[in-house]
Amino acid sequence: MLRFAQTCERIAATSKKLQKTRLVADYLLSLDIEDAARAALFFTGRAFPRFAEDVTQVGGSLIWQALAAVSSASAGEMEAGYRRYGDLGGAAGELLAGKTENRSLSLAEAQNTLRELAARRGPGQKLELLTQILRRVTPLEAKYFIKILTGELRIGLVEGLVEEALARAYDRPLTEIQRANMLTGDIGAALRLAATGRLAEARLRLFHPVGFMLASAAETPEDLVSAFPQGGVAEEKYDGIRAQIHKGSGKVRLFSRTLDELVEFLELEAPLRALPGEFILDGEIVGWRNGRPVAFTEFQRRLGRKHAELFLPLELPASLIVFDLLWKDGELILDQPWTARRAQLEALLAAVKQSSGSPAVQLSTLSTAASESEWESAFQAALTRGHEGIMAKAPDSPYVPGRRGRYWLKLKRPLATLDVVVTAVEYGHGRRHAVLSDYTFSVRDGDRLVTVGKAYSGLTDVEIRDLTEYFQQHILENLGFRFRVEPSVVIEVAFNNIQRSSRHESGFALRFPRIVRLRPDKPVAEIDTLERVREVYERQQGPERQAQES
Ligand code: AMP
């Protein structure tokens with residue numbers, strides 16, 4: 001572990017990618033295969049392979065307590081150390097100097113300790129073991145042990161570079177390494193295969209999630225015509241929670257986009273278990289009521305809640321809309337073209353369509369399109385049915401896990417924007433600490449102005465500098481850290497959606513607002529009203545919800 005930590009220090013010290021991969025490769029080659037597999041995993045900042053269920057559940061506060069116990073530093077010293085490095089591992093390296101027994105850990109011991117931390121129940125037991133380990137090792141090892149616990153080495157080494165280092169060390173094509181890592185979900189396993197010349201044996205295993213295929217953005221139907229000159233598939237784009245479903249030996253498990261297990265949607269398990277054979281599916285979980293999707297802002301209430309809320313699944317029933325098939329009865333399907341995968345998916349789900357009208361599992365809805373007007377009408381049809389837009393897919397494309405490519409393009413409903421007026425300003429952070437860059441803005445409610453959000457981004461440095469000078473001349477009230485200003489600067493803001501909120505006077509808050517542009521052409525008297533905010537809010541709830549509320 002000491003040599004691992006020293007190598008990490010050297011990797012951190014160079015900004016050259018090639019140099020980083022060389023350092024990793026040389027170090028891996030100096031180890032036996034099992035140690036190299038452990039080190040490769042640690043280099044990705046992980047304690048366990050991507051698919052593994054173990055989690056140490058050792059968070060910042062436990063690490064902080066262990067560090068305090070071993071270093072006997074005061075709270076002030078600890079805070080100063082933390083602030084200097086911005087991470088607990090860095091702080092540990094400094095705080096533990098001269099406080100430990102300096103007895104090094106082997107990589108196998110480090111791995112066993114991580115497993116033991118995951119296995120121990122309760123924070124007390126975990127703290128005891130962590131304190132023991134930190135007291136034993138060198139401060140440098142403690143630094144990297146803690147970084148692995150927090151999931152980030154912060155030495156400028158992304159997983160892609162570790163893959164490159166493997167290709168270099170064992171003289172194998174990078175694409176084969178990437179594929180083995182993708183299929184096994186374990187860089188250590190990929191290393192073992194590479195080192196022994198068996199990369200072709202890499203297999204995808206059930207209940208080990210693989211990365212999701214991602215889409216790039218398109219702006220207009222015209223973009224889709226040029227991306228898919230031979231025509232493409234126009235599939236509805238569902239606004240919900242992406243899920244990868246694994247089924248085999250009578251078990252069903254769902255994984256989220258972060259490859260964690262999704263446990264909130266128990267009602268989907270029985271219908272999925274009823275499907276024939278073993279498989280891995282890709283799809284989106286949405287709320288579904290009376291034949292229409294429920295707005296995501298409403299459905300997301302189901303996230304993070306498990307069995308306790310018995311009634312939520314009834315009130316907000318989940319529906320899995322399946323759009324891809326990756327693996328079926330032992331056979332890897334993801335390299336086959338989309339058309340072949342789709343045919344097998346339809347055959348698999350045929351049973352569902354016949355057996356019931358239950359929407360627990362549905363097949364995605366799609367059409368084909370080639371001309372601008374065909375893409376446009378598919379897009380409009382999707383919006384009418386309550387969806388976010390369309391996903392355009394190339395019919396002959398493979399499923400490429402974990403990559404954002406041009407085989408899938410998303411075309412989304414343009415976001416509504418609001419014209420608002422800035423009513424309060426604050427100094428920014430970091431680079432912007434000397435300029436007034438945080439703007440609280442308001443809409444009109446009769447002859448009052450009511451706040452509805454706060455935006456930090458979207459303007460250029462020059463615009464912010466000019467506005468700073470302007471606002472400094474137009475302060476109405478100094479509230480300490482913020483200034484109420486004359487309502488005279490009109491801006492156009494875009495946002496992801498609107499939520500009810502008690503934080504703002506309007507009773508609503510724009511989520512993720514960003515400034516699209518300044519609107520010097522627009523008088524304050526003509527900015528948007530609270531009424532319009534309410535309208536946009538209700539529209540996003542969907543027509544069915546409005547009917548219920550009224
Ligand atoms: P976005 O989150 O807006 O970047 O869009 C990409 C996401 O859309 C994907 O990660 C999926 O979760 C989701 N999605 C919805 N419908 C589909 C579909 N038919 N095919 C693929 N992804 C979809």
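Counting convention: from 1, in listed order, for ligands and their atoms alike. The analysis underlying the following values was restricted to heavy atoms, covering all of them including side chains, and did not include hydrogens, waters or symmetry mates.
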With [X] via side chain to side chain contact (heavy atoms under 4.5 Å, CB included) - residues at least two apart:
{"X": "Leu206", "value": "His246, Glu278, Ile280, Trp327"}
{"X": "Thr339", "value": "Pro337, Pro395"}
{"X": "Ser506", "value": "Val450, Val452, His504, Phe508, Leu530"}

Next item on the list: Would you check ligand 1 and list the protein residues that come within less than 4.0 Å of it by any heavy atom, ordered by chain and number?
Entry: Glu235, Glu236, Lys237, Tyr238, Arg242, Arg257, Glu284, Phe323, Met391, Lys393, Trp408, Lys410, Lys412
Margin query: If you apply the rule side chain to side chain contact (heavy atoms under 4.5 Å, CB included), what do you find for Arg179 with Glu176, and how did you get there?
Written below: CA-CA 5 Å; Arg179 186 172 169 82; Glu176 286 180 23; 5.6 Å; no
Notebook entry, point to check: Is the shortest distance from a Lys or Arg side-chain nitrogen in Arg302 or Glu264 to a carboxylate oxygen in the other one below 4.0 Å?
Noted result: no
Notebook entry, point to check: Is the shortest side-chain N to carboxylate O distance from Arg432 to Asp438 below 4.0 Å?
Noted result: no
